[in-house]
Every structure is written in structure tokens, then in C-alpha cells.
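Working notes, beginning with the structure itself.
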Amino acid sequence: MASKAYGSFAVKAGLAQMLKGGVIMDVVNSQQAKIAEDAGAVAVMALERVPADIRRDGGVARMADPRIVKEILGAVSIPVMAKCRIGHFAEAQVLESLGVDYVDESEVLTPADEEHHVNKWDFAVPFVCGCRNLGEALRRVAEGAAMIRTKGEAGTGNIVEAVGHIRAVNDEIAMLSSGARGAEVTRAAKEMRVPEELLNRTLELGRLPVVNFAAGGIATPADAALCMQLGCDGVFVGSGIFKSSDPERRAEAIVRSVSHYNDPAYLAKMSEGLGEPMQSLDVRSMDEKQKFANRGI
Amino acid sequence: MKRIGVLALQGGSAEHVYALGEAAKKLKMTVEVCEVRKKEDLADLDGIVLPGGESTAQGKLIEDAGMADGIRKIRKIFGTCAGLILLARAIESGFEETSHLGLLDVSLHRNTFGSQVRASFETKLETTKFGTLDVIFIRPPTILDVGKSVSVLAKFERMPAAVYQKRGSQHLLATTFHPELTTTKFHEYFLKL
């Protein structure tokens with residue numbers, strides 16, 4: 001009988017490829033998970049609290065109680081993701097043993113290690129990690145991440161940071177692709193602290209070498225369409241759905257808007273009468289220390 | 001020129017666009033490959049590929065866009081993984097399921113092995129037409145039973161992994177794995193149908 005190779009990079013990255021054009025939603029219980037699945041989410045992120053509540057409550061935010069993760073795993077047939085703290089490989093081991101489909105090593109939780117991220121090559125479960133620019137993205141890929149997302153600024157309902165991060169990655173790739181010669185690429189790789197081979201592969205492809213989703217601050221169908229038009233492969237919506245006044249309708253509208261992101265008339269229809277979006281924050285009035293995105297760079 | 005569509009509502013559609021292009025080059029065929037997102041895009045298609053992804057999300061988006069009837073009429077259809085689930089006549093799982101297109105005479109079970117870590121893997125697959133291929137399974141469905149008019153092109157661990165059915169004048173091709181990630185053999189076969 002043919003042998004099976006589990007947990008290879010192609011297998012890890014492959015699951016992310018199948019999530020493209022989709023929406024991954026934060027959920028805190030099985031009821032929300034069902035709503036997300038019924039609305040057409042491609043995966044759910046199992047959490048104890050959504051980012052807006054983590055921000056409000058303060059203190060140390062950790063991996064969710066396994067009871068919540070198991071409850072959600074049992075409730076839906078779509079993939080289930082869960083967050084571990086940056087560098088907290090023991091939390092990642094726990095999540096892997098629970099049978100989650102993807103681990104998000106997330107800046108939304110309080111980092112456990114100021115120097116190191118999890119060595120993701122040690123795991124069979126795939127990881128997604130956040131980034132603000134090309135260097136961060138490629139450092140995470142070099143550590144074994146099979147999927148990348150922007151950090152944005154989670155729990156704010158404000159898209160401005162995510163847009164900045166998408167553009168930073170796009171601009172850096174475009175700049176280095178046009179006219180950077182061998183020595184310049186070598187220097188750029190050194191500055192970014194990433195393997196030169198990985199940077200070269202990225203420049204050849206003209207995009208990140210793994211699937212790249214937008215995350216952090218997406219609150220409306222138009223926000224989702226904006227990220228897709230800027231070149232993202234899909235979107236995460238955190239607090240944006242279950243902190244709004246009508247989660248079912250908003251979830252469905254965002255799912256459809258990601259599929260039809262280039263159709264403004266359709267987006268208009270999807271945006272109409274959705275009720276109140278989540279309560280939002282102006283990122284400019286925030287102290288740098290309050291920003292999750294500055295964690296784990 | 002023949003037009004082949006790739007359903008691009010959700011999932012790994014870009015991989016199929018690429019694989020079809022490579023397959024056409026190998027066959028020295030001129031084929032126009034296009035992404036399909038709305039009902040109007042279905043006009044004049046000679047064939048359509050239903051890509052991998054999440055079948056619950058895809059099924060819902062097909063229904064929203066009112067595309068099911070249009071897809072059912074296309075002369076040849078190739079479904080991989082989630083695309084196979086959409087094509088199947090019957091779906092058995094612990095969750096509420098409705099069949100979507102209900103064309104291919106197979107019954108199947110979704111996500112048989114559970115999570116990504118236990119259910120997704122690379123392996124070598126023996127096929128009846130293309131020899132042994134390196135392939136990737138990602139949270140695959142399992143085909144439990146096939147109708148009399150369905151031929152099995154590959155088996156994995158005794159279960160059908162690739163099937164073909166001629167249904168009237170319509171050709172249906174489907175796999176539980178993802179040929180678009182590793183080989184163009186199935187795409188070449190599909191283009192020649």
C-alpha cells in the first residue's frame with residue numbers, strides 16, 4: 001500500500017489554497033460557529049473572547065479553554081482554527097493535539113516570547129501568522145508558516161492599518177522586482193533577515209509565496225472588497241461580525257462581497273440596510289503601546 | 001476556440017486555470033480558459049471545472065448566484081474535492097447536507113478522517129490511465145458507492161479516488177484529491193473529452 005506523508009509544507013499550504021476567496025470568522029461558541037458556517041464562512045477561528053473584548057478587558061490574553069475549542073470542532077464541518085500566543089509552542093502543541101486544522105500564532109494574544117516565534121517546522125498542523133510588511137511576512141514563512149495574513153489592528157473596526165500592511169507588502173515586492181540587481185537583493189534579504197532564496201522566489205512570483213489574507217479591522221462588505229481588490233486572497237473577520245447589530249446578515253453579506261469583490265453594483269446591494277457595524281476606534285488616537293500590530297515583529 | 005470555465009466563487013480556482021493552460025500547451029490545443037463568477041459567464045462554455053474549497057460555502061454561493069441549472073447543462077464537468085461533493089448524487093455525513101448539482105452517480109462521505117493533521121497527506125496514486133502519480137489529498141471526501149455507469153480511474157486504500165461517468169451526452173470527471181496541485185494528466189484527459 002502506498003505510504004502517506006502527513007504534514008509536509010505542500011499539504012499545509014494546500015489547505016490555505018482551498019480557503020482562497022473565502023471568509024474566516026472569529027467565533028466564541030458553537031452557536032456562533034453554526035451561524036458562520038450557514039453564512040458561508042470557509043473556516044472559523046475558535047476564541048474565548050473576540051479582539052474587541054480582549055482590548056476592552058486588558059490583562060493577559062491566552063489560548064482559549066480547550067472546552068470551547070472542542071465544542072466548536074464538534075459543531076461544524078468546515079475547518080477550525082485557534083490562536084496561540086506568539087512564541088508559546090506549548091499552547092500550539094495543545095491546539096495540535098485537540099485536532100484544530102490551523103493554528104494562528106497571533107499578536108492579538110499577549111506574546112509569550114519577546115525574541116522567538118514558534119518554530120513551525122516542528123509541527124504537523126499548519127500555521128498562519130500576521131505581518132505588517134514584506135520582511136515580517138517572509139520571516140514567518142522562513143519559520144514554517146504556510147499562510148500569511150496582515151496584522152491590521154484587530155478589534156478596532158478600522159481598516160486603515162490593514163490597508164497599510166497590504167500596500168507595504170505589495171510595494172516592497174514591486175520595488176525590488178523592478179530593477180533590483182543581485183547585490184541589492186542580497187542586501188535587502190540581509191536587512192529583512194530572511195533567506196535570499198525565499199526573497200528571490202517571492203520576486204519571481206511577484207507575490208508572497210503562500211496564501212495571503214487580510215485581517216484586522218474589517219467591518220463592512222466594502223472593507224472586504226477593498227482588501228480583495230488590493231490583491232488579498234481572502235479575509236479574516238474578527239469582531240466585525242458578532243459585535244455588529246445583525247451578525248447573520250452581515251456575515252452573509254461579507255461572504256458574498258468577497259466572491260464578487262469586483263462588482264460595485266452587487267456590493268451596493270450587499271451593503272444596504274445591514275444595521276449598525278461594530279463599535280469602532282480611531283487608530284490615530286491610540287498609543288503605540290495599545291497597538292497589537294507592534295507585537296512579534 | 002473552445003472555452004473552458006473555472007468556477008471562481010471560492011477555492012483553488014487559480015491552480016486550475018494554470019493547470020488547464022499547461023495541459024493545453026502539452027496537447028498543442030488552443031483553449032480559452034476563463035473564471036466564472038456569475039450566471040452570464042456560463043454562456044458558451046464547452047466545459048467547466050469545479051475547484052477544491054469548502055463545499056458548504058461554494059454551494060451557497062452557487063445558489064445565491066442562481067447558477068446551478070446553468071452548470072448542470074454544460075457538456076463536460078470536472079470536479080475536484082469540494083467540486084466532487086457538489087457533483088455527487090448523495091452525501092452522507094453527521095451534518096445536515098443537501099446535494100447541490102446531483103449529477104454524478106456516487107454517494108460519498110465528507111471529511112472522513114476529521115482534522116487537517118490526520119486527513120491531509122501526499123502519496124503516490126496508481127491510476128488506470130496515467131500510471132502512478134504524486135498527488136495531494138486535503139481533508140478529502142470518501143466515495144462510498146458508485147453507480148453502474150461510473151468507471152473508477154483510481155483507487156486509494158480500496159476506495160474510489162477518481163471517477164468518470166458518461167451521462168447521456170454529458171461527461172463527468174471527478175477526484176477526491178487535488179490533481180491541479182501536482183499534475184496536468186487529468187486536465188489533459190478533460191480537455192480531450
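Residue numbers begin at 1 in each chain, while the letters A, B, ... track the order of the sequences. Only this structure's heavy atoms are used, side chains among them; waters, hydrogens and symmetry mates stay out.
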Between B/Gly11, B/Ser13, B/Gly52, who has the most heavy-atom pairs with chain A when the cutoff is under 4.5 Å? B/Gly11

Do A/Ser259 and B/Arg37 touch side chain to side chain, with heavy atoms closer than 4.5 Å? no

Greatest number of heavy atom pairs closer than 4.5 Å to chain B - which of A/Ala41, A/Gly7, A/Ser8: A/Ser8

Go through the steps to decide whether B/Leu181 and A/Gln17 satisfy the test side-chain contact (heavy atoms from CB on, under 4.5 Å), and finish with yes or no. CA-CA 10 Å; B/Leu181 299 178; A/Gln17 284 170 273; 3.5 Å; yes

Is the backbone N or O of A/Ser3 less than 3.5 Å from a side-chain atom of B/Thr123, with the two atoms forming a donor-acceptor pair by type? yes

Considering all heavy atoms, the nearest A/Tyr6-B/Val117 contact: CD2-O, 3.3 Å

Can you tell me how far OG of B/Ser115 sits from CG of A/Leu73, rounded to the nearest 0.5 angstrom? 8.0 Å

Got a second to check how far A/Arg256's CZ is from B/Asp64's CG, nearest 0.5 Å? 3.5 Å

Are there over 12 heavy-atom neighbours, none belonging to A/Glu272, within less than 6.0 Å of that residue's CD? no

Is it the side chain or the backbone of B/Ile138 that comes within 4.5 Å of chain A heavy atoms, both, or neither? side chain

What part of A/Asn262 gets within 4.5 angstrom of chain B, counting heavy atoms only: side chain, backbone, both, or neither? neither

CE of A/Met18 to NE2 of B/His178: how many Å apart, nearest 0.5 Å? 4.0 Å

Is it the case that more than 12 heavy atoms not belonging to B/Tyr164 sit under 6.0 Å from its OH atom? yes

So which atom in B/Leu61 and which in A/Val255 form the shortest heavy-atom distance, rounded to 0.1 Å? CD2-CG1, 4.1 Å

Is there side-chain contact between A/Pro79 and B/Glu54, with at least one heavy-atom pair below 4.5 Å? yes

Answer yes or no: is there a side-chain heavy-atom contact under 4.5 Å between B/Leu9 and A/His260? yes

Part of B/Glu180 lying under 4.5 Å from any heavy atom of chain A: side chain

State the CG-CD distance between A/Leu15 and B/Gln116, to the nearest 0.5 angstrom. 4.5 Å

Which heavy atom in A/Gly40 sits nearest to a heavy atom in B/Ala57, and how many Å separate them? O-CB, 3.2 Å

Hey, is CD on B/Glu32 packed in by over 12 heavy atoms from elsewhere, all under 6.0 Å? yes

With a 4.5 angstrom heavy-atom cut-off, which part of A/Ala16 approaches chain B: side chain, backbone, both or neither? neither

Top contributor to chain B interface from A/Gly22, A/Gly99, A/Gly234 [non-hydrogen pairs under 4.5 Å]: A/Gly99

Grab the two heavy atoms, one from B/Glu122 and one from A/Ala10, that are nearest each other, plus how far apart they are. OE2-CB, 3.9 Å

Is B/Glu157 paired with A/Lys4 through a side-chain N to carboxylate O contact shorter than 4.0 Å? yes

Using a 4.5 Å cut-off on heavy atoms from C-beta on, say whether the side chain of A/Lys20 contacts that of B/Glu15. yes

Is A/Ala43 close to chain B through its backbone or its side chain, or both, or neither, when contacts mean heavy atoms under 4.5 Å? neither

Show the nearest heavy-atom pair for residues A/Asp101 and B/Arg139, with the distance to one decimal. OD1-NE, 3.3 Å

